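Remember, it's a predicted structure, so these values are computed and weren't measured experimentally.
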Amino acid sequence: MRIDKFLKVSRILKRRTLAQEACDKGKVSVNGKDVKPSYRIKIGDEVCITYTTGLLKFRVLNIKETVKKDEASSLYEIIGENN
């Protein structure tokens, strides 16, 4: 699955266009490397997103095309947060 779609499906970012913009601006990295919106994410990847207020680091646990709102957090595990 593409990283921009994963960020939307997992509800880490609200819209796919926001995820695409974040990738294009170099605010999303996977396993320490900046990625484009089309990057194919895999289970076990460590993703870091830089916000204006801090950063969020998480590990991908599962990949699904669609999930219910209350199941979205089961797709990832937060491993670092700095706000």
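Contact check on Asp70 versus Lys68 returns no salt bridge, with no Lys/Arg side-chain nitrogen under 4.0 Å from an Asp/Glu carboxylate oxygen. Ion pair Lys5/Glu65 flagged as a salt bridge, since at least one NZ, NE, NH1 or NH2 atom sits closer than 4.0 Å to an Asp/Glu carboxylate oxygen.
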(request) Please test Ile49 against Ile12 for side-chain contact (heavy atoms from CB on, under 4.5 Å), starting from the C-alpha separation and ending with a verdict. (result) CA-CA 10 Å; Ile49 302 175; Ile12 291 172; 3.6 Å; yes
(message) Determine whether Cys23 and Lys36 satisfy the following criterion, side-chain contact (heavy atoms from CB on, under 4.5 Å), listing intermediate values before the conclusion.
(response) CA-CA 5 Å; Cys23 290; Lys36 294 186 178 195; 5.6 Å; no
(request) Check the pair Leu75, Ile63 against side-chain contact (heavy atoms from CB on, under 4.5 Å), reporting the backbone distance first and the verdict last. (result) CA-CA 6 Å; Leu75 299 179; Ile63 297 174; over 6 Å; no
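Here the CD1 atom belonging to Ile3 is positioned 14.5 Å from the NZ atom belonging to Lys8, to the nearest 0.5 angstrom. Of the inter-residue distances, the one linking Ser10 atom OG with Glu71 atom CD reads 13.5 Å to the nearest 0.5 angstrom. Within the model, atoms CD of Gln20 and CG of Asp4 stand 4.5 Å from one another, a figure rounded to the nearest 0.5 Å.
Only one option out of Thr50, Leu13, Val35 pairs with Val28 in a side-chain contact (heavy atoms from CB on, under 4.5 Å); it is Val35. Tested against Leu56 for a side-chain contact (heavy atoms from CB on, under 4.5 Å), the candidates Ile78, Asn82, Ile79 yield a single pass: Ile78. The residue from Phe6, Phe58, Tyr39 that alone fulfils the side-chain contact (heavy atoms from CB on, under 4.5 Å) condition with Val47 is Phe58.
Judged by distance alone, with hydrogens and angles left aside, the side-chain atoms of Asn31 form a donor-acceptor pair with the main-chain N or O of Glu46 at under 3.5 Å.
Shown here is Arg11, whose CZ atom has more than 12 heavy atoms of other residues, nucleotides or ligands within 6.0 Å.
Between Ser29 and Asp34, the shortest heavy-atom distance links the atoms CB-OD1, 3.7 Å. Across every non-hydrogen atom of Ser74 and Asn62, the tightest pair is O-CB, 4.3 Å.
In terms of hydrophobic clustering, with Ile, Leu, Val, Met, Phe, Trp and Tyr side chains grouped at heavy-atom distances under 4.5 Å, Ile41 and Ile43 are assigned to a common cluster.
At a threshold of 4.5 Å between non-hydrogen side-chain atoms, the residues Arg40 and Arg2 count as touching.
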